Amino acid sequence: MSKYKIVVGEGSCGIAAGAEKVRQALLTKNLGGAQLTIAGCVGMCYLEPIVDIYEEGCDVRRLVRVTENDAEKIAEFVLTGDEDVIAHLLVSDEDKQFLEKQTRIALRRCGVINPEEIEDFVNADGYSALKKAVTEMTPQEVIEVIKTSGLAGRGGAGFPTWFKWNAARQSEGEEKYLICNADEGDPGAFMDRAVIESDPHNLIEGMLIGAYAIGAKNAVVYVRAEYPLAIKRLERAIEQATEAGFLGDNIFGTDFSCHMSIKAGAGAFVCGEETALIESLEGHRGMPRLKPPFPAQSGYWRKPSNINNVETFANVGWIINNGGEAFAAMGTEGSKGTKVFAVTGKVKRSGLVEIPMGKTLRDVIFDIGGGMKGDKEFKAVQMGGPSGGCIPASLIDTVIDYKALGATGAIMGSGGMVVMDESTCMVGMAKFFLDFTAKESCGKCIHCRIGTTRMLEILTRITKGEGQQGDIELLEELCYAIKDGALCGLGQTAPNPVLTTIKYFKDEYIAHIENKECPAGECADLIKYSIDADKCKGCTLCARNCPVNAIAGEVKSAHIIDTEKCIKCGKCIQSCKFGAVIKG
């Protein structure tokens with residue numbers, strides 16, 4: 001038997017990059033008895049496909065950007081031990097910092113264990129927290145540990161987890177429900193998907209502890225249907241946990257019983273709001289209910305219900321095993337523990353990041369994320385998705401906790417972090433998020449249904465160079481009206497991207513409206529392309545690459561762009577080697 005184990009990272013990001021093809025290629029090679037298996041996403045999405053080679057008594061060798069053609073070299077290494085043959089694939093010391101600077105609790109097993117094998121989870125201390133909770137602790141003691149930890153809901157609102165659990169426990173009635181909100185709808189967010197794909201039993205264990213605490217015998221995971229791999233692995237995990245006796249009747253020989261099911265949601269963003277989610281679970285159109293009553297008193301089928309998101313439950317097992325004090329020791333006074341972020345956009349190292357609360361935006365974007373692609377200037381970061389706001393470069397040292405981020409006009413949200421550089425138009429960014437929320441509005445209340453549509457119309461007009469005096473003031477008036485009048489959190493927070501971009505980037509709005517210019521050069525209707533005759537060498541590359549034949553000129557003579565034909569695709573700038581094409 002070989003001393004090596006080869007692990008291919010097969011989360012959705014890895015598979016999309018070609019990880020499954022790599023594994024299939026490895027299956028055709030002589031691996032000398034080395035074990036070949038899979039794991040989920042380790043979080044280094046920018047380096048996929050990733051292959052880890054474990055050797056007894058040695059640190060893991062991490063290979064990155066692996067292709068099918070590299071399978072032969074991997075096979076040669078496990079047969080000969082010659083590290084030179086895989087040296088070109090080894091992760092760099094610089095990229096190692098991406099993980100080394102994190103503190104992983106919710107993601108502690110992601111990318112390490114095989115998510116399709118319950119034995120891997122159990123061998124990594126899995127279900128030990130559940131056993132401790134149901135055999136050694138009372139439900140109230142479990143709630144007290146969660147209270148001590150300071151764990152707040154990681155779905156966006158940051159509401160104390162223990163309080164919701166306690167409210168559901170104290171509600172009258174024998175029939176209660178525990179629900180996991182895995183309806184991750186923010187653009188650029190993929191934290192919940194990665195946890196379910198990479199460590200589904202961690203979610204199950206956290207949910208079972210929560211069900212025990214509130215007295216629920218039924219648990220439901222509401223997950224978006226666009227996550228087929230997550231659903232597949234969670235279904236398998238539920239089957240395995242049931243067969244092993246961790247899920248079902250008389251768990252660990254106690255009188256605690258709990259059954260779990262999955263509901264695939266249709267992808268409506270509003271169903272991330274807990275009462276709209278409940279409506280959808282019951283087979284109705286996903287639209288929010290008036291509160292009170294809150295779900296803890298009247299939720300699923302009008303029974304006491306508790307709803308938390310995936311990341312919240314992913315922390316529970318660790319807290320039970322290590323104590324509430326250990327979790328509370330991380331973070332700030334008002335925001336305890338760690339938080340997972342999906343870092344995307346114009347950053348060099350994109351992926352999943354888990355850090356203790358109290359770190360700064362700079363720590364995430366520059367120390368872990370490696371700074372900006374192409375070493376461009378950092379401009380802003382969008383926090384909290386469509387419900388959040390844009391935080392400018394001047395506030396890069398803002399501490400990551402609920403209060404500090406709220407003070408900027410943004411929110412923690414579920415953990416989306418979209419990084420922007422100098423080439424991003426902030427008016428266009430506000431328009432992007434308003435386009436999303438206007439389309440996703442359920443239409444139940446007028447303020448959200450009509451208000452977001454009117455705001456989108458104004459922003460669209462501004463980005464086309466048709467902005468008018470008074471548009472900024474009108475946008476602000478609509479923002480505050482929607483905030484005050486919308487029924488649910490989607491509508492109440494929809495104006496945040498607009499309010500924060502006006503607050504911090506008002507000069508860009510003014511440039512669009514008064515000067516009919518886009519300072520970032522991103523709004524197609526406000527830019528034009530021209531060629532600097534002094535720099536143009538007449539190489540004809542730009543003309544040959546123009547898809548609409550808008551560029552004319554003789555070989556070795558300065559070329560000219562027909563602005564009437566030009567569709568502003570940017571192919572001319574990309575192809576010019578002399579910097580002769582000007583965008584302005």
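All figures in this text were calculated on a predicted structure; none of them were measured in a lab. One is the number of the first residue; the rest follow in order along the sequence.
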Does [atom1] in [X] sit with more than 12 non-hydrogen atoms of other residues, nucleotides or ligands closer than 6.0 Å?
X      : atom1 : answer
Ile446 : CD1   : no
Gln97  : CD    : yes
Glu477 : CD    : no
Lys403 : NZ    : no

Check whether any side-chain N or O of [X] sits under 3.5 Å from a backbone N or O of [Y] as a donor-acceptor pair, and report yes or no.
X      : Y      : value
Asn515 : Glu517 : no
Glu311 : Ala106 : no
Glu522 : Cys518 : no

Which residues share a side-chain hydrogen bond (donor to acceptor under 3.5 Å, both in side chains) with [X], sequence neighbours left out:
X      : result
Lys373 : none
Asn315 : none
Asn309 : Thr312
Tyr46  : Asp95

Roughly how far, to the nearest 0.5 Å, is the [atom2] atom of [Y] from the [atom1] atom of [X]?
X      : Y      : atom1 : atom2 : value
Ile319 : Ile105 : CD1   : CD1   : 7.5 Å
Asn308 : Phe159 : CG    : CZ    : 11.0 Å
Ile15  : Glu197 : CD1   : CD    : 7.0 Å
Phe433 : Thr500 : CZ    : OG1   : 9.5 Å
Leu434 : Leu459 : CG    : CG    : 5.5 Å
Lys96  : Arg62  : NZ    : CZ    : 9.5 Å

Set of ring pair (Phe, Tyr, Trp, His ring centres under 6.0 Å) partners for [X], sequence neighbours left out:
X      : answer
Phe269 : Phe436
Tyr402 : none
Phe432 : none
Tyr480 : none

Atom of [X], atom of [Y] and distance for their closest heavy-atom approach:
X      : Y      : result
Gly11  : Leu229 : C-CD2, 4.1 Å
Tyr222 : Ala266 : OH-N, 4.3 Å
Glu354 : Leu107 : OE1-N, 3.0 Å
Thr501 : Tyr509 : OG1-OH, 2.8 Å

Hey, is [X] close enough to [Y] for a salt bridge, meaning N to O under 4.0 Å?
X      : Y      : value
Glu274 : Arg289 : no
Arg65  : Glu48  : no
Arg461 : Asp471 : yes
Lys464 : Glu466 : no
Asp401 : Lys339 : no

Taking distance alone, no hydrogens or angles, what donor-acceptor pairs closer than 3.5 Å link side-chain atoms of residues 571-584 to residues at least two apart or in another chain?
unit_1: Ser575; atom_1: OG; unit_2: Lys571; atom_2: O; d: 3.0
unit_1: Ser575; atom_1: OG; unit_2: Cys572; atom_2: O; d: 3.1
unit_1: Lys583; atom_1: NZ; unit_2: Gly521; atom_2: O; d: 2.6

Original post:
Which pairs pass salt bridge (charged side-chain N to carboxylate O under 4.0 Å, His left out) with one or both residues in residues 376-391, sequence neighbours excluded?
Top reply: Lys379-Glu508
Original post:
Which pairs pass salt bridge (charged side-chain N to carboxylate O under 4.0 Å, His left out) with one or both residues in residues 409-436, sequence neighbours excluded?
Top reply: Lys346-Asp421, Asp435-Lys439
Enumerate donor-acceptor pairs with a distance under 3.5 Å from any side-chain N or O in residues 524-533 to protein atoms, sequence neighbours excluded.
unit_1: Asp532; atom_1: OD1; unit_2: Asp534; atom_2: N; d: 2.9

Original post:
Does the side chain of Asp397 pick up a donor-acceptor pair with the side chain of Thr360 at under 3.5 Å?
Top reply: no
Subject >> Glu184-Ser414 side chain donor-acceptor pair, cut-off 3.5 Å >> reply: no
Original post:
Quick one: are Ile502 and Leu475 in side-chain contact, heavy atoms under 4.5 Å?
Top reply: yes
**OP:** For the pair Arg108 and Asp199, evaluate salt bridge (charged side-chain N to carboxylate O under 4.0 Å, His left out) and give the outcome as yes or no after the intermediate values.
**Re:** CA-CA 9 Å; Arg108 62 193 180 279; Asp199 195 7; 5.7 Å; no
